[in-house]
Every structure is written in C-alpha cells, then in structure tokens.
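Here is the structure we will look at, set down as structure tokens.
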Amino acid sequence: MEIYKKLSGIQCELVATKGQYNSFGKYSYRSCEDILEALKPLLAEVGAIVNVTDEIKLIGDRYYVEATASFIDTETGERMIAKAS
C-alpha cells in the first residue's frame, strides 16, 4: 500500500479523545501524548511509524518552537514530513 493511502486510512480512523482539562480556561483538549496513544495501534496495522521532534529557533529577537512530524512507511522507507512554528 502506498504511503498516501496508509496516511489517508489512518486519518479516517483516528479518534483522539480530549483527555486533558484546562481549569483556568475551562475547556478540554488533547495533548500530543493523547494523540500518539490513539495513533499507535493504527500505525501498527499499516506498517508505519510517526516521529515527532521539536527545536528552539531564534528568529530576529524572538524564540520559537519548530515542531517536525515525520510519517514513515516501515515497508518502503518512504516518508512525509510536516513542520510548524
């Protein structure tokens, strides 16, 4: 199965509950850990892994966190990478 079909299937099946609560703002949210726990069984089914890293970047006089998520097909080695700051 090609990497896009694997990713599409996982995105259709993934249900990550909002397991955290912010008492100050009075809202529920899902953490990265909540999402990854829900994701692991789906990744195992299709033969893929997700690696998440972050790096502190200095841009001008401000610091930012750049997060990188890599979706890797363990059968072919093909990967998709997404970054956000």
Side-chain angles (χ1 to χ4, degrees):
M1 182 184 314
E2 67 182 63
I3 192 168
Y4 292 103
K5 287 183 181 179
K6 288 183 178 187
L7 183 56
S8 176
I10 287 173
Q11 288 177 335
C12 288
E13 296 293 322
L14 181 63
V15 176
T17 59
K18 293 182 179 180
Q20 310 300 318
Y21 183 73
N22 180 307
S23 57
F24 179 77
K26 298 183 180 8
Y27 62 90
S28 296
Y29 66 98
R30 60 186 64 83
S31 67
C32 182
E33 290 79 13
D34 294 332
I35 296 167
L36 290 174
E37 280 303 310
L39 186 58
K40 286 177 187 178
L42 301 173
L43 290 167
E45 283 179 25
V46 300
I49 62 171
V50 166
N51 184 34
V52 179
T53 60
D54 49 356
E55 182 180 349
I56 303 298
K57 298 270 188 160
L58 177 61
I59 300 173
D61 61 346
R62 302 190 82 176
Y63 287 95
Y64 296 89
V65 176
E66 180 181 80
T68 303
S70 302
F71 180 85
I72 304 160
D73 185 333
T74 59
E75 297 167 353
T76 66
E78 194 175 2
R79 64 184 61 216
M80 296 176 65
I81 298 172
K83 293 186 178 193
S85 298

Q: Provide the closest heavy-atom pair for Asp34 versus Thr17 in the form atom of the first, atom of the second, distance.
A: CB-O, 4.1 Å

(Q) Considering only residues two or more places apart or on different chains, which pairs with a residue in residues 3-15 satisfy side chain to side chain donor-acceptor pair (under 3.5 Å)? (A) Lys6-Asp73, Lys6-Glu75

Q: Would you mind reporting whether Ile3 and Thr76 have side-chain heavy atoms less than 4.5 Å apart?
A: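 No, their side chains stay 4.5 Å or more apart.
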
Q: Could you identify which residues cluster with Leu58, counting Ile, Leu, Val, Met, Phe, Trp and Tyr as linked when any side-chain heavy atoms lie under 4.5 Å apart, either directly or through a chain of such contacts?
A: Ile56, Tyr63, Val65

Got a second to check how far [X]'s [atom1] is from [Y]'s [atom2], nearest 0.5 Å?
X     : Y     : atom1 : atom2 : result
Tyr64 : Glu55 : OH    : CD    : 15.0 Å
Ser85 : Asp54 : OG    : CG    : 11.0 Å
Thr53 : Lys83 : OG1   : NZ    : 8.0 Å
Glu66 : Ile59 : CD    : CD1   : 7.5 Å

Would you kindly confirm whether [X] and [Y] end up in one hydrophobic cluster when ILVMFWY residues are joined by side chain heavy atoms under 4.5 Å apart?
X     : Y     : value
Leu36 : Tyr29 : no
Ile49 : Val52 : no
Val50 : Ile72 : no
Met80 : Leu14 : yes

Q | Partner residues of Asp61 under the side chain to side chain donor-acceptor pair (under 3.5 Å) criterion, sequence neighbours left out | A |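 Side chain to side chain donor-acceptor pair (under 3.5 Å) list for Asp61, sorted by chain: empty.
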
